[in-house]
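In what follows, a single structure is set out as structure tokens and then discussed.
A quick note: this is a predicted structure, and the numbers were derived from the prediction, not measured.
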Amino acid sequence: DGKTAPARVILKKIQGGNALIEIAVHEGKNRQVKRMFDALGYPVLRLKRVAFAFLTLERLKPGKWRYLHPHEVEKLKKLKRQN
């Protein structure tokens with residue numbers, strides 16, 4: 001797909017031949033993170049998305065969900081129109 005916007009990468013922990021990495025991407029192209037690490041020769045064992053735009057999993061327990069507030073839906077619509 002060509003070049004993407006730069007990503008922010010932080011190495012959080014190395015344990016047994018694996019690394020825990022925090023990465024922030026700005027475009028979110030299909031399978032972007034897996035393809036980026038594949039190109040470097042590092043397989044991705046697991047991914048966890050913790051945020052999308054301004055929405056986060058911060059106060060959401062594993063396996064739980066919530067409805068979006070009307071102002072969040074409007075904010076997402078505005079973001080979509082900007083792109």
Closest non-hydrogen atom pair between Arg49 and Leu57, with its separation:
O-CD1, 3.2 Å

Provide the closest heavy-atom pair for Thr4 versus Gln32 in the form atom of the first, atom of the second, distance.
OG1-NE2, 3.4 Å

Can you name the closest pair of heavy atoms from Ala5 and His26 and give their distance?
CB-CB, 4.4 Å

Give the other cluster members for Tyr42, using side-chain heavy-atom distances under 4.5 Å between Ile, Leu, Val, Met, Phe, Trp and Tyr residues; answer none if it is isolated.
Val9, Leu11, Ile14, Ile21, Ile23, Val25, Val33, Met36, Phe37, Leu40, Val44, Leu47

Listing request: all salt bridge (Lys or Arg N to Asp or Glu O under 4.0 Å) pairs with a residue in residues 15-25, at least two apart in sequence or in separate chains.
Arg8-Glu22, Lys12-Glu22

Find the distance between NZ (Lys78) and CD (Gln82) and round it off to the nearest 0.5 Å.
9.0 Å

Of all pairs that satisfy side-chain hydrogen bond (donor to acceptor under 3.5 Å, both in side chains), the ones with a partner from residues 50-71, not counting sequence neighbours:
Arg66-Glu72

Residues that, via side-chain heavy atoms closer than 4.5 angstrom, fall in one hydrophobic cluster with Ile10:
none

Reported CZ-to-CG distance for the pair Arg46 and Leu20, which is rounded to 0.5 angstrom:
8.0 Å

